[in-house]
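What you see is a predicted model, and the numbers here were worked out from it, not measured in a lab. We use all heavy atoms of the structure for the numbers below, so side chains are in, but hydrogens, waters and symmetry mates are not.
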Amino acid sequence: MRTAPTILHLDMDAFFAAAEQAAKPSLRGKPVVVGGLGPRGVVATASYEARRFGVHSAMPMAQARRLAPNAAYLVPRFSLYRAVSEQVMELLGRLSPLVEPLSLDEAFVDLEAGGSADDSASARATGERLRADIRAVTGLTGSVGLAGSKMLAKIASEQAKPDGLVLLEPGTERELLGPMSVRTLPGVGPATGEHLRRAGMTTVADLAEAGEDELVRLLGRAHGASLFRMAVGHDDRPVVAERDAKSVSVEDTFDVDLHDRVRVRIEVERLAERCVQRLRSSGHSGRTIVLKVRRYDFSTLTRSETLRGPTDDPAVVREAAGRLLEAVDTTGGVRLLGVGVTGLADYTQEDLFAQAAAGEQAEAGKADGDPEPHETGERAGEGAGTAGAEQQPPAERRWPAGHDVRHAEYGAGWVQGSGVGRVTVRFEEPWSRRPGRVRTFMVDDPDLEPGDPLPLVAPPATADAAQSSRPASRPKSRSGREPGPEPESPSDGAEGSEGSEEAAGVSGGSGSSSP
(Lines give C-alpha, C1' and ligand atoms only; values in the text may rest on other atoms or scores of the structure.)
Protein backbone atom coordinates (compact mmCIF):
# COMPACT_ATOMS: atom_id res chain seq x y z
CA MET A 1 0.00 0.00 0.00
CA ARG A 2 1.18 3.50 -0.80
CA THR A 3 1.33 6.39 1.60
CA ALA A 4 0.02 8.81 -1.05
CA PRO A 5 -3.03 8.48 -3.37
CA THR A 6 -0.96 8.28 -6.55
CA ILE A 7 -2.86 5.51 -8.34
CA LEU A 8 -5.56 6.96 -10.59
CA HIS A 9 -8.52 5.10 -12.06
CA LEU A 10 -10.42 6.73 -14.92
CA ASP A 11 -13.84 5.51 -16.00
CA MET A 12 -15.62 7.39 -18.78
CA ASP A 13 -19.28 8.09 -18.00
CA ALA A 14 -21.77 5.92 -19.95
CA PHE A 15 -19.16 5.92 -22.70
CA PHE A 16 -20.95 4.53 -25.77
CA ALA A 17 -24.21 6.36 -25.03
CA ALA A 18 -22.45 9.61 -24.10
CA ALA A 19 -20.47 9.50 -27.36
CA GLU A 20 -23.72 9.07 -29.31
CA GLN A 21 -25.34 11.99 -27.49
CA ALA A 22 -22.29 14.16 -28.16
CA ALA A 23 -22.43 13.25 -31.84
CA LYS A 24 -26.18 13.82 -32.18
CA PRO A 25 -27.53 17.12 -30.82
CA SER A 26 -31.11 15.87 -31.12
CA LEU A 27 -30.41 13.11 -28.54
CA ARG A 28 -28.77 15.22 -25.86
CA GLY A 29 -30.62 15.01 -22.58
CA LYS A 30 -32.73 12.12 -23.84
CA PRO A 31 -32.60 8.40 -22.98
CA VAL A 32 -30.23 6.54 -25.31
CA VAL A 33 -29.55 2.80 -25.33
CA VAL A 34 -26.68 1.29 -27.35
CA GLY A 35 -26.49 -2.41 -28.14
CA GLY A 36 -27.78 -5.21 -30.33
CA LEU A 37 -31.27 -4.39 -31.56
CA GLY A 38 -32.47 -7.91 -32.31
CA PRO A 39 -34.79 -9.98 -30.11
CA ARG A 40 -31.72 -11.52 -28.48
CA GLY A 41 -29.72 -8.32 -28.37
CA VAL A 42 -28.10 -7.09 -25.16
CA VAL A 43 -27.60 -3.55 -23.84
CA ALA A 44 -23.98 -2.44 -24.14
CA THR A 45 -24.45 0.98 -22.51
CA ALA A 46 -27.39 3.09 -21.38
CA SER A 47 -27.29 6.84 -20.87
CA TYR A 48 -28.03 8.20 -17.41
CA GLU A 49 -31.41 9.36 -18.69
CA ALA A 50 -32.22 5.75 -19.65
CA ARG A 51 -30.89 4.38 -16.36
CA ARG A 52 -33.61 6.30 -14.54
CA PHE A 53 -36.04 3.83 -16.10
CA GLY A 54 -34.03 0.86 -14.80
CA VAL A 55 -32.10 0.12 -18.01
CA HIS A 56 -28.53 -1.06 -17.45
CA SER A 57 -25.65 -2.79 -19.22
CA ALA A 58 -25.97 -6.52 -20.02
CA MET A 59 -29.77 -6.31 -19.81
CA PRO A 60 -31.69 -8.07 -22.61
CA MET A 61 -32.72 -5.46 -25.15
CA ALA A 62 -36.32 -6.68 -25.11
CA GLN A 63 -36.51 -5.89 -21.39
CA ALA A 64 -34.93 -2.48 -21.95
CA ARG A 65 -37.60 -1.65 -24.55
CA ARG A 66 -40.32 -2.51 -22.06
CA LEU A 67 -38.78 -0.28 -19.39
CA ALA A 68 -37.98 2.64 -21.69
CA PRO A 69 -40.13 2.36 -24.82
CA ASN A 70 -39.42 5.93 -25.90
CA ALA A 71 -35.64 5.77 -25.71
CA ALA A 72 -33.45 5.96 -28.80
CA TYR A 73 -32.00 2.52 -29.59
CA LEU A 74 -28.76 2.60 -31.56
CA VAL A 75 -26.34 0.09 -33.05
CA PRO A 76 -22.77 0.51 -31.70
CA ARG A 77 -20.25 2.49 -33.76
CA PHE A 78 -16.98 0.98 -32.62
CA SER A 79 -14.85 2.98 -35.04
CA LEU A 80 -15.98 6.15 -33.23
CA TYR A 81 -15.50 4.66 -29.75
CA ARG A 82 -12.00 3.43 -30.60
CA ALA A 83 -11.04 6.85 -31.99
CA VAL A 84 -12.23 8.62 -28.82
CA SER A 85 -10.55 5.97 -26.66
CA GLU A 86 -7.23 6.61 -28.40
CA GLN A 87 -7.56 10.31 -27.62
CA VAL A 88 -8.21 9.55 -23.94
CA MET A 89 -5.37 7.04 -23.68
CA GLU A 90 -3.01 9.57 -25.23
CA LEU A 91 -3.90 12.04 -22.47
CA LEU A 92 -3.25 9.36 -19.85
CA GLY A 93 0.08 8.55 -21.46
CA ARG A 94 1.19 12.15 -20.89
CA LEU A 95 0.77 11.61 -17.15
CA SER A 96 2.78 8.43 -16.80
CA PRO A 97 4.49 5.65 -18.76
CA LEU A 98 2.52 3.17 -16.65
CA VAL A 99 -1.02 3.15 -18.05
CA GLU A 100 -3.03 -0.06 -17.76
CA PRO A 101 -6.09 0.00 -20.05
CA LEU A 102 -8.92 -2.26 -18.91
CA SER A 103 -11.27 -1.48 -21.79
CA LEU A 104 -11.96 1.30 -24.29
CA ASP A 105 -13.21 3.58 -21.52
CA GLU A 106 -11.36 2.51 -18.38
CA ALA A 107 -7.72 2.53 -17.23
CA PHE A 108 -5.36 2.70 -14.25
CA VAL A 109 -2.49 5.20 -14.17
CA ASP A 110 0.54 5.21 -11.86
CA LEU A 111 1.03 8.95 -11.29
CA GLU A 112 4.10 8.44 -9.15
CA ALA A 113 5.94 6.63 -11.94
CA GLY A 114 5.38 9.59 -14.26
CA GLY A 115 6.27 12.24 -11.69
CA SER A 116 2.78 13.69 -12.01
CA ALA A 117 1.97 13.47 -8.30
CA ASP A 118 3.62 12.55 -5.00
CA ASP A 119 1.04 13.66 -2.43
CA SER A 120 -2.70 14.24 -2.07
CA ALA A 121 -2.66 17.84 -3.28
CA SER A 122 -0.69 17.15 -6.45
CA ALA A 123 -2.75 14.00 -7.13
CA ARG A 124 -6.01 15.92 -6.88
CA ALA A 125 -4.71 18.71 -9.12
CA THR A 126 -3.58 16.15 -11.71
CA GLY A 127 -6.94 14.40 -11.62
CA GLU A 128 -8.87 17.63 -12.10
CA ARG A 129 -6.60 18.69 -14.93
CA LEU A 130 -7.11 15.31 -16.62
CA ARG A 131 -10.90 15.65 -16.42
CA ALA A 132 -10.72 19.12 -17.97
CA ASP A 133 -8.43 17.91 -20.75
CA ILE A 134 -10.73 15.00 -21.58
CA ARG A 135 -13.71 17.32 -21.84
CA ALA A 136 -11.78 19.75 -24.04
CA VAL A 137 -10.43 17.08 -26.41
CA THR A 138 -13.41 14.72 -26.64
CA GLY A 139 -16.40 16.67 -25.37
CA LEU A 140 -17.13 13.81 -22.93
CA THR A 141 -16.89 13.43 -19.17
CA GLY A 142 -14.98 10.92 -17.10
CA SER A 143 -14.94 10.07 -13.40
CA VAL A 144 -11.64 9.83 -11.54
CA GLY A 145 -10.72 7.89 -8.43
CA LEU A 146 -7.44 8.44 -6.56
CA ALA A 147 -6.10 6.15 -3.86
CA GLY A 148 -3.07 4.23 -2.68
CA SER A 149 -4.13 0.99 -4.41
CA LYS A 150 -5.88 -0.13 -7.58
CA MET A 151 -8.84 -1.61 -5.73
CA LEU A 152 -9.55 1.56 -3.78
CA ALA A 153 -8.97 3.80 -6.80
CA LYS A 154 -11.63 1.87 -8.71
CA ILE A 155 -14.04 2.09 -5.78
CA ALA A 156 -13.38 5.83 -5.61
CA SER A 157 -14.17 6.35 -9.29
CA GLU A 158 -17.47 4.51 -8.81
CA GLN A 159 -18.32 6.89 -5.99
CA ALA A 160 -17.34 9.84 -8.20
CA LYS A 161 -19.83 9.00 -10.97
CA PRO A 162 -20.97 10.82 -12.93
CA ASP A 163 -18.41 13.46 -13.85
CA GLY A 164 -16.64 13.73 -10.52
CA LEU A 165 -13.43 13.07 -8.60
CA VAL A 166 -13.03 11.23 -5.30
CA LEU A 167 -9.71 10.97 -3.45
CA LEU A 168 -9.32 8.39 -0.69
CA GLU A 169 -6.62 9.25 1.79
CA PRO A 170 -4.36 6.32 2.68
CA GLY A 171 -5.08 5.12 6.22
CA THR A 172 -8.86 5.42 5.87
CA GLU A 173 -9.32 2.15 3.96
CA ARG A 174 -10.98 0.04 6.66
CA GLU A 175 -13.31 2.84 7.73
CA LEU A 176 -14.41 3.29 4.12
CA LEU A 177 -14.75 -0.37 3.19
CA GLY A 178 -16.39 -1.60 6.40
CA PRO A 179 -20.06 -0.83 5.63
CA MET A 180 -19.83 -1.76 1.96
CA SER A 181 -21.33 -4.94 0.50
CA VAL A 182 -19.00 -7.89 0.00
CA ARG A 183 -19.86 -7.63 -3.71
CA THR A 184 -17.82 -4.42 -3.81
CA LEU A 185 -14.57 -6.39 -3.64
CA PRO A 186 -12.98 -7.76 -6.82
CA GLY A 187 -13.58 -11.47 -7.30
CA VAL A 188 -16.85 -11.60 -5.35
CA GLY A 189 -19.57 -12.48 -7.82
CA PRO A 190 -23.14 -13.66 -7.26
CA ALA A 191 -22.14 -17.23 -6.32
CA THR A 192 -19.41 -16.22 -3.85
CA GLY A 193 -21.62 -13.46 -2.47
CA GLU A 194 -24.43 -15.93 -1.79
CA HIS A 195 -21.99 -18.39 -0.20
CA LEU A 196 -20.76 -15.67 2.14
CA ARG A 197 -24.30 -14.54 2.92
CA ARG A 198 -25.24 -18.03 4.04
CA ALA A 199 -22.23 -17.87 6.34
CA GLY A 200 -23.54 -14.61 7.80
CA MET A 201 -21.16 -12.23 6.01
CA THR A 202 -22.78 -9.46 4.01
CA THR A 203 -20.42 -6.49 4.54
CA VAL A 204 -16.69 -6.03 4.14
CA ALA A 205 -16.44 -5.48 7.91
CA ASP A 206 -17.92 -8.97 8.41
CA LEU A 207 -15.11 -10.43 6.31
CA ALA A 208 -12.43 -8.59 8.29
CA GLU A 209 -13.93 -9.75 11.58
CA ALA A 210 -14.21 -13.35 10.40
CA GLY A 211 -10.46 -13.53 9.88
CA GLU A 212 -8.26 -15.12 7.24
CA ASP A 213 -8.54 -18.68 8.58
CA GLU A 214 -12.33 -18.69 8.36
CA LEU A 215 -12.34 -17.29 4.82
CA VAL A 216 -9.77 -19.86 3.73
CA ARG A 217 -11.97 -22.59 5.19
CA LEU A 218 -14.98 -21.27 3.27
CA LEU A 219 -13.37 -20.33 -0.04
CA GLY A 220 -10.06 -22.13 -0.29
CA ARG A 221 -6.49 -21.01 0.32
CA ALA A 222 -5.91 -18.66 -2.62
CA HIS A 223 -9.34 -17.01 -2.79
CA GLY A 224 -9.87 -16.81 0.96
CA ALA A 225 -6.46 -15.25 1.68
CA SER A 226 -6.82 -12.75 -1.16
CA LEU A 227 -10.30 -11.74 -0.04
CA PHE A 228 -9.16 -11.16 3.52
CA ARG A 229 -6.31 -8.91 2.40
CA MET A 230 -8.70 -6.82 0.35
CA ALA A 231 -11.23 -6.67 3.19
CA VAL A 232 -8.62 -5.01 5.44
CA GLY A 233 -7.59 -2.65 2.63
CA HIS A 234 -4.41 -4.32 1.40
CA ASP A 235 -3.88 -4.42 -2.36
CA ASP A 236 -0.32 -4.42 -3.67
CA ARG A 237 -1.08 -5.08 -7.35
CA PRO A 238 1.08 -2.82 -9.53
CA VAL A 239 -0.13 -0.87 -12.54
CA VAL A 240 1.00 -2.93 -15.53
CA ALA A 241 1.45 -1.09 -18.83
CA GLU A 242 1.62 -4.21 -21.01
CA ARG A 243 -1.09 -6.81 -20.53
CA ASP A 244 -0.45 -9.97 -22.51
CA ALA A 245 -3.48 -11.17 -24.45
CA LYS A 246 -4.42 -14.73 -23.51
CA SER A 247 -6.88 -15.36 -26.30
CA VAL A 248 -8.66 -13.86 -29.29
CA SER A 249 -12.25 -14.79 -30.05
CA VAL A 250 -15.45 -13.73 -31.78
CA GLU A 251 -19.01 -14.96 -31.43
CA ASP A 252 -22.49 -14.28 -32.77
CA THR A 253 -25.91 -14.74 -31.22
CA PHE A 254 -28.59 -15.52 -33.81
CA ASP A 255 -32.06 -13.99 -33.87
CA VAL A 256 -33.47 -17.35 -34.99
CA ASP A 257 -32.04 -20.74 -33.99
CA LEU A 258 -30.04 -22.32 -36.79
CA HIS A 259 -31.17 -25.85 -37.70
CA ASP A 260 -29.54 -26.31 -41.10
CA ARG A 261 -26.22 -28.09 -40.59
CA VAL A 262 -24.77 -26.51 -43.72
CA ARG A 263 -25.70 -23.04 -42.49
CA VAL A 264 -24.07 -23.77 -39.13
CA ARG A 265 -20.87 -24.81 -40.89
CA ILE A 266 -20.91 -21.64 -43.01
CA GLU A 267 -21.29 -19.48 -39.91
CA VAL A 268 -18.41 -21.27 -38.18
CA GLU A 269 -16.17 -20.64 -41.20
CA ARG A 270 -17.17 -16.97 -41.25
CA LEU A 271 -16.40 -16.61 -37.55
CA ALA A 272 -13.05 -18.32 -38.02
CA GLU A 273 -12.03 -15.73 -40.61
CA ARG A 274 -13.13 -12.84 -38.40
CA CYS A 275 -11.14 -14.37 -35.55
CA VAL A 276 -8.02 -14.58 -37.71
CA GLN A 277 -8.44 -10.94 -38.72
CA ARG A 278 -8.36 -9.94 -35.05
CA LEU A 279 -5.47 -12.31 -34.40
CA ARG A 280 -3.39 -10.72 -37.14
CA SER A 281 -4.29 -7.17 -36.16
CA SER A 282 -2.97 -7.89 -32.66
CA GLY A 283 0.27 -9.26 -34.10
CA HIS A 284 -0.21 -12.77 -32.71
CA SER A 285 -0.64 -16.35 -33.81
CA GLY A 286 -2.03 -19.23 -31.77
CA ARG A 287 -1.85 -22.98 -31.31
CA THR A 288 -5.25 -23.92 -29.86
CA ILE A 289 -8.50 -23.48 -31.79
CA VAL A 290 -11.66 -23.28 -29.68
CA LEU A 291 -15.27 -23.73 -30.82
CA LYS A 292 -18.18 -22.58 -28.67
CA VAL A 293 -21.74 -23.74 -29.37
CA ARG A 294 -24.78 -22.66 -27.36
CA ARG A 295 -27.77 -24.80 -28.24
CA TYR A 296 -31.50 -24.10 -28.27
CA ASP A 297 -31.84 -25.16 -24.60
CA PHE A 298 -29.05 -22.77 -23.47
CA SER A 299 -26.62 -25.64 -22.90
CA THR A 300 -23.13 -24.52 -23.95
CA LEU A 301 -20.50 -26.83 -25.38
CA THR A 302 -16.83 -25.97 -25.88
CA ARG A 303 -14.45 -28.02 -27.99
CA SER A 304 -10.77 -27.35 -28.69
CA GLU A 305 -7.92 -28.67 -30.82
CA THR A 306 -4.23 -27.92 -30.34
CA LEU A 307 -2.11 -27.65 -33.48
CA ARG A 308 1.53 -28.64 -33.84
CA GLY A 309 2.59 -25.01 -34.03
CA PRO A 310 1.12 -21.48 -33.83
CA THR A 311 -0.68 -20.23 -36.90
CA ASP A 312 -2.59 -17.24 -38.22
CA ASP A 313 -3.61 -18.95 -41.45
CA PRO A 314 -7.37 -18.53 -42.01
CA ALA A 315 -7.57 -21.83 -43.87
CA VAL A 316 -6.02 -23.72 -40.98
CA VAL A 317 -8.25 -22.10 -38.37
CA ARG A 318 -11.32 -22.57 -40.56
CA GLU A 319 -10.64 -26.26 -41.12
CA ALA A 320 -9.85 -26.90 -37.46
CA ALA A 321 -13.08 -25.21 -36.37
CA GLY A 322 -14.95 -27.30 -38.92
CA ARG A 323 -13.50 -30.50 -37.51
CA LEU A 324 -14.51 -29.47 -34.01
CA LEU A 325 -18.05 -28.81 -35.24
CA GLU A 326 -18.32 -32.37 -36.53
CA ALA A 327 -18.09 -33.60 -32.94
CA VAL A 328 -20.99 -31.42 -31.74
CA ASP A 329 -24.65 -32.41 -31.92
CA THR A 330 -26.60 -29.41 -33.20
CA THR A 331 -29.94 -31.24 -33.41
CA GLY A 332 -32.67 -28.98 -32.10
CA GLY A 333 -31.02 -25.73 -33.12
CA VAL A 334 -28.10 -23.42 -32.35
CA ARG A 335 -28.53 -19.95 -30.84
CA LEU A 336 -24.86 -18.90 -30.50
CA LEU A 337 -21.57 -19.81 -32.17
CA GLY A 338 -18.07 -18.67 -31.32
CA VAL A 339 -14.54 -19.33 -32.56
CA GLY A 340 -11.41 -18.47 -30.59
CA VAL A 341 -7.66 -18.98 -30.61
CA THR A 342 -5.58 -19.46 -27.45
CA GLY A 343 -1.97 -20.30 -26.74
CA LEU A 344 -0.89 -17.05 -28.38
CA ALA A 345 2.60 -16.40 -29.70
CA ASP A 346 4.32 -13.49 -31.42
CA TYR A 347 5.34 -15.55 -34.43
CA THR A 348 3.85 -18.00 -36.93
CA GLN A 349 5.42 -21.41 -37.40
CA GLU A 350 5.57 -22.71 -40.95
CA ASP A 351 2.31 -24.58 -41.42
CA LEU A 352 2.52 -28.19 -42.54
CA PHE A 353 -1.13 -29.09 -42.41
CA ALA A 354 -2.89 -30.51 -45.41
CA GLN A 355 -5.76 -28.08 -44.84
CA ALA A 356 -3.55 -25.24 -45.96
CA ALA A 357 -3.38 -26.69 -49.45
CA ALA A 358 -7.13 -27.03 -49.48
CA GLY A 359 -7.38 -23.40 -48.43
CA GLU A 360 -5.13 -22.35 -51.29
CA GLN A 361 -7.33 -24.26 -53.71
CA ALA A 362 -10.35 -22.49 -52.32
CA GLU A 363 -8.66 -19.14 -52.77
CA ALA A 364 -7.77 -20.09 -56.35
CA GLY A 365 -11.40 -20.93 -57.00
CA LYS A 366 -12.41 -17.57 -55.59
CA ALA A 367 -9.95 -15.82 -57.88
CA ASP A 368 -11.56 -17.58 -60.83
CA GLY A 369 -14.86 -15.98 -59.93
CA ASP A 370 -16.49 -18.57 -57.68
CA PRO A 371 -17.71 -16.80 -54.52
CA GLU A 372 -17.11 -18.56 -51.23
CA PRO A 373 -20.31 -19.83 -49.60
CA HIS A 374 -19.80 -17.89 -46.40
CA GLU A 375 -19.73 -14.57 -48.24
CA THR A 376 -23.41 -14.85 -49.10
CA GLY A 377 -25.56 -12.38 -47.24
CA GLU A 378 -22.71 -10.56 -45.51
CA ARG A 379 -21.81 -7.00 -46.33
CA ALA A 380 -18.32 -5.60 -46.11
CA GLY A 381 -17.09 -3.22 -43.46
CA GLU A 382 -17.62 -2.85 -39.75
CA GLY A 383 -21.00 -4.04 -38.57
CA ALA A 384 -20.94 -6.96 -41.00
CA GLY A 385 -21.74 -10.43 -39.83
CA THR A 386 -25.09 -9.76 -38.23
CA ALA A 387 -26.66 -13.12 -37.76
CA GLY A 388 -30.16 -14.46 -38.00
CA ALA A 389 -31.19 -14.26 -41.66
CA GLU A 390 -31.23 -17.46 -43.69
CA GLN A 391 -31.05 -15.57 -46.97
CA GLN A 392 -29.67 -12.32 -48.31
CA PRO A 393 -30.93 -9.57 -45.97
CA PRO A 394 -33.14 -6.88 -47.46
CA ALA A 395 -31.44 -3.78 -48.80
CA GLU A 396 -32.64 -1.55 -45.96
CA ARG A 397 -30.53 -3.49 -43.48
CA ARG A 398 -27.51 -1.76 -44.93
CA TRP A 399 -28.46 1.25 -42.82
CA PRO A 400 -27.92 0.46 -39.10
CA ALA A 401 -29.71 2.77 -36.69
CA GLY A 402 -27.43 5.55 -35.49
CA HIS A 403 -24.69 5.01 -38.08
CA ASP A 404 -23.21 7.80 -40.15
CA VAL A 405 -24.24 8.65 -43.69
CA ARG A 406 -23.47 11.41 -46.17
CA HIS A 407 -25.81 12.83 -48.79
CA ALA A 408 -24.58 14.55 -51.93
CA GLU A 409 -26.88 17.54 -51.31
CA TYR A 410 -27.58 17.61 -47.57
CA GLY A 411 -24.18 16.59 -46.22
CA ALA A 412 -23.48 14.59 -43.06
CA GLY A 413 -26.19 12.89 -41.04
CA TRP A 414 -27.10 9.71 -39.19
CA VAL A 415 -29.62 6.95 -39.73
CA GLN A 416 -32.68 7.51 -37.59
CA GLY A 417 -34.45 4.42 -38.89
CA SER A 418 -35.04 2.20 -41.90
CA GLY A 419 -37.63 -0.21 -43.21
CA VAL A 420 -40.05 -0.99 -46.05
CA GLY A 421 -37.50 0.15 -48.59
CA ARG A 422 -36.85 3.56 -47.03
CA VAL A 423 -34.26 5.10 -44.74
CA THR A 424 -34.84 8.13 -42.53
CA VAL A 425 -31.86 10.39 -41.90
CA ARG A 426 -31.38 13.28 -39.52
CA PHE A 427 -28.89 15.78 -40.91
CA GLU A 428 -26.88 17.28 -38.08
CA GLU A 429 -23.28 17.40 -36.90
CA PRO A 430 -21.82 17.18 -33.39
CA TRP A 431 -21.28 20.94 -33.32
CA SER A 432 -24.72 21.84 -34.73
CA ARG A 433 -26.42 24.49 -32.63
CA ARG A 434 -29.81 22.77 -32.75
CA PRO A 435 -31.36 19.44 -33.77
CA GLY A 436 -31.12 18.81 -37.49
CA ARG A 437 -33.81 18.26 -40.09
CA VAL A 438 -35.15 14.80 -40.89
CA ARG A 439 -35.55 13.50 -44.44
CA THR A 440 -36.52 10.14 -45.87
CA PHE A 441 -34.98 8.45 -48.92
CA MET A 442 -35.27 5.21 -50.79
CA VAL A 443 -32.66 2.74 -49.51
CA ASP A 444 -30.99 2.63 -52.91
CA ASP A 445 -30.81 6.41 -53.36
CA PRO A 446 -27.55 6.97 -55.28
CA ASP A 447 -26.92 10.27 -53.46
CA LEU A 448 -26.88 8.55 -50.05
CA GLU A 449 -23.87 6.56 -48.88
CA PRO A 450 -22.33 5.39 -45.59
CA GLY A 451 -20.14 8.01 -43.95
CA ASP A 452 -17.30 8.14 -41.48
CA PRO A 453 -17.84 9.30 -37.88
CA LEU A 454 -17.22 13.00 -37.35
CA PRO A 455 -15.04 14.21 -34.46
CA LEU A 456 -17.08 15.03 -31.35
CA VAL A 457 -15.30 18.36 -30.93
CA ALA A 458 -15.31 20.70 -33.91
CA PRO A 459 -11.95 21.30 -35.59
CA PRO A 460 -10.76 24.92 -35.13
CA ALA A 461 -11.63 25.93 -38.71
CA THR A 462 -15.14 24.51 -38.36
CA ALA A 463 -15.65 26.18 -34.99
CA ASP A 464 -14.47 29.55 -36.34
CA ALA A 465 -16.80 29.25 -39.32
CA ALA A 466 -19.73 28.39 -37.08
CA GLN A 467 -18.95 31.34 -34.81
CA SER A 468 -18.66 33.79 -37.71
CA SER A 469 -21.96 32.63 -39.17
CA ARG A 470 -23.76 33.01 -35.86
CA PRO A 471 -26.09 36.03 -35.86
CA ALA A 472 -25.07 38.93 -33.66
CA SER A 473 -28.43 38.96 -31.88
CA ARG A 474 -31.65 37.02 -31.91
CA PRO A 475 -35.14 38.51 -31.98
CA LYS A 476 -36.92 38.29 -28.68
CA SER A 477 -40.50 37.36 -27.98
CA ARG A 478 -43.00 39.68 -26.32
CA SER A 479 -41.94 38.34 -22.94
CA GLY A 480 -38.38 39.46 -23.63
CA ARG A 481 -37.00 35.92 -23.81
CA GLU A 482 -35.12 34.48 -26.74
CA PRO A 483 -37.12 32.02 -28.76
CA GLY A 484 -36.29 28.34 -28.30
CA PRO A 485 -35.12 25.97 -30.99
CA GLU A 486 -37.32 25.12 -33.89
CA PRO A 487 -39.86 22.37 -33.29
CA GLU A 488 -38.45 18.95 -33.93
CA SER A 489 -39.84 16.24 -36.11
CA PRO A 490 -42.29 13.96 -34.24
CA SER A 491 -39.77 11.14 -34.62
CA ASP A 492 -36.61 12.02 -32.67
CA GLY A 493 -35.10 8.65 -32.03
CA ALA A 494 -33.56 5.77 -33.87
CA GLU A 495 -35.52 3.02 -35.49
CA GLY A 496 -33.95 -0.39 -35.68
CA SER A 497 -31.69 -1.85 -38.22
CA GLU A 498 -28.66 -4.04 -38.23
CA GLY A 499 -26.65 -5.00 -35.12
CA SER A 500 -23.09 -6.25 -34.79
CA GLU A 501 -21.41 -8.21 -32.06
CA GLU A 502 -17.94 -6.71 -31.92
CA ALA A 503 -17.75 -6.46 -28.14
CA ALA A 504 -18.69 -8.62 -25.24
CA GLY A 505 -22.42 -8.86 -24.73
CA VAL A 506 -23.55 -7.11 -27.90
CA SER A 507 -25.51 -9.13 -30.42
CA GLY A 508 -27.00 -8.15 -33.74
CA GLY A 509 -30.63 -7.80 -34.66
CA SER A 510 -33.33 -5.32 -35.50
CA GLY A 511 -36.00 -3.33 -33.75
CA SER A 512 -37.55 0.12 -33.65
CA SER A 513 -38.26 2.96 -31.28
CA SER A 514 -38.59 6.70 -31.19
CA PRO A 515 -38.11 8.85 -28.10
Side-chain angles (χ1 to χ4, degrees), residues 1-13 15 84-138 140-178 180 184-188 204 207-208 222 225-246:
M1 294 291 296
R2 301 188 179 189
T3 58
T6 55
I7 292 183
L8 179 149
H9 181 260
L10 169 71
D11 195 354
M12 300 295 289
D13 301 321
F15 183 48
V84 176
S85 177
E86 289 172 0
Q87 292 177 310
V88 173
M89 295 304 166
E90 182 182 352
L91 292 174
L92 297 182
R94 297 176 186 176
L95 302 179
S96 171
L98 292 183
V99 177
E100 182 178 342
L102 304 180
S103 62
L104 289 175
D105 63 332
E106 186 179 2
F108 287 111
V109 184
D110 187 335
L111 300 180
E112 184 177 310
S116 301
D118 55 10
D119 57 15
S120 297
S122 58
R124 182 180 294 277
T126 299
E128 293 290 5
R129 185 171 65 251
L130 172 64
R131 293 178 57 236
D133 290 344
I134 289 174
R135 183 185 289 273
V137 171
T138 70
L140 305 179
T141 63
S143 296
V144 169
L146 293 159
S149 70
K150 292 169 70 173
M151 177 186 72
L152 292 171
K154 185 172 176 62
I155 291 173
S157 69
E158 285 294 325
Q159 293 183 335
K161 283 188 167 292
D163 190 20
L165 182 149
V166 169
L167 184 149
L168 302 180
E169 291 286 356
T172 64
E173 294 86 1
R174 296 193 65 169
E175 179 183 356
L176 168 76
L177 292 172
M180 293 184 176
T184 303
L185 300 180
V188 181
V204 176
L207 300 180
S226 173
L227 197 58
F228 176 75
R229 288 195 298 272
M230 289 189 291
V232 296
H234 292 301
D235 177 20
D236 296 324
R237 294 175 298 161
V239 176
V240 181
E242 297 290 338
R243 290 162 57 96
D244 292 334
K246 297 181 179 180

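T141 OG1 to D163 CG: the interatomic distance, rounded to the nearest 0.5 Å, is 4.5 Å. Between the CD1 atom of I155 and the OG atom of S149 there is a distance of 7.5 Å, given to the nearest 0.5 Å.
Listed by chain and number, the residues in a salt bridge (Lys or Arg N to Asp or Glu O under 4.0 Å) with D11 are K161 (sequence neighbours excluded). The side chain to side chain contact (heavy atoms under 4.5 Å, CB included) check on T126 picks up L95, L111, S116, A117, R129, with sequence neighbours excluded. Taking D133 as the reference, nothing meets the salt bridge (Lys or Arg N to Asp or Glu O under 4.0 Å) condition, with sequence neighbours excluded. For the side chain to side chain contact (heavy atoms under 4.5 Å, CB included) test, residues two or more places apart in sequence or in another chain that qualify with V232 are R174, A208, F228, H234. Listed by chain and residue number, E90 satisfy the salt bridge (Lys or Arg N to Asp or Glu O under 4.0 Å) test with R94 (two or more places apart in sequence, or in another chain). Not counting sequence neighbours, the partners of E128 by the salt bridge (Lys or Arg N to Asp or Glu O under 4.0 Å) test are R131. F108 meets the ring-ring contact (aromatic ring centres under 6.0 Å, His included) test with H9; sequence neighbours excluded. With sequence neighbours excluded, the residues forming a side chain to side chain donor-acceptor pair (under 3.5 Å) with S143 are D13, listed by chain and number. Residues passing the side chain to side chain contact (heavy atoms under 4.5 Å, CB included) test with A4 are T6, sequence neighbours excluded. Residues satisfying the side chain to side chain contact (heavy atoms under 4.5 Å, CB included) criterion with T3, sequence neighbours excluded, are absent altogether.
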Practice problem: Please lay out, stage by stage, how L207 and M230 fare under the test side chain to side chain contact (heavy atoms under 4.5 Å, CB included). | Solution: CA-CA 9 Å; L207 300 180; M230 289 189 291; over 6 Å; no

Self-check item: Residues R229, D236; criterion salt bridge (charged side-chain N to carboxylate O under 4.0 Å, His left out); working and verdict
Solution: CA-CA 10 Å; R229 288 195 298 272; D236 296 324; over 6 Å; no

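Between D235 and E173, every side-chain heavy-atom pair lies at or beyond the 4.5 Å cut-off. Residues Q87 and L140 are not in side-chain contact: their nearest non-hydrogen atoms beyond the backbone lie 4.5 Å or more apart. Side-chain contact check for S120 versus L167: some heavy-atom pair is nearer than 4.5 Å. Here the side chains of I7 and L152 are not in contact, with every heavy-atom distance at 4.5 Å or above.
Screening residues 151-160 for salt bridge (Lys or Arg N to Asp or Glu O under 4.0 Å) gives E106-K154 as the qualifying pairs, with residues at least two apart or on separate chains. Pairs passing the salt bridge (Lys or Arg N to Asp or Glu O under 4.0 Å) check and including a residue from residues 112-122, sequence neighbours excluded, read R2-E112.
For S96 (side chain) and V109 (main-chain N/O), no donor-acceptor pair under 3.5 Å exists by modelled atom type. The backbone N or O of V239 lies less than 3.5 Å from no partner atom in the side chain of E100, so there is not a single donor-acceptor pair. Within the 3.5 Å criterion, the main-chain N or O of I134 finds a donor-acceptor partner in the side chain of T138.
Contact between K150 and P238 at its shortest, heavy atoms only, is NZ-O, 3.1 Å. The shortest heavy-atom contact between A107 and P101 is CB-CA, 3.8 Å. Closest approach of L177 to G233, counting heavy atoms only: CD1-CA, 3.9 Å.
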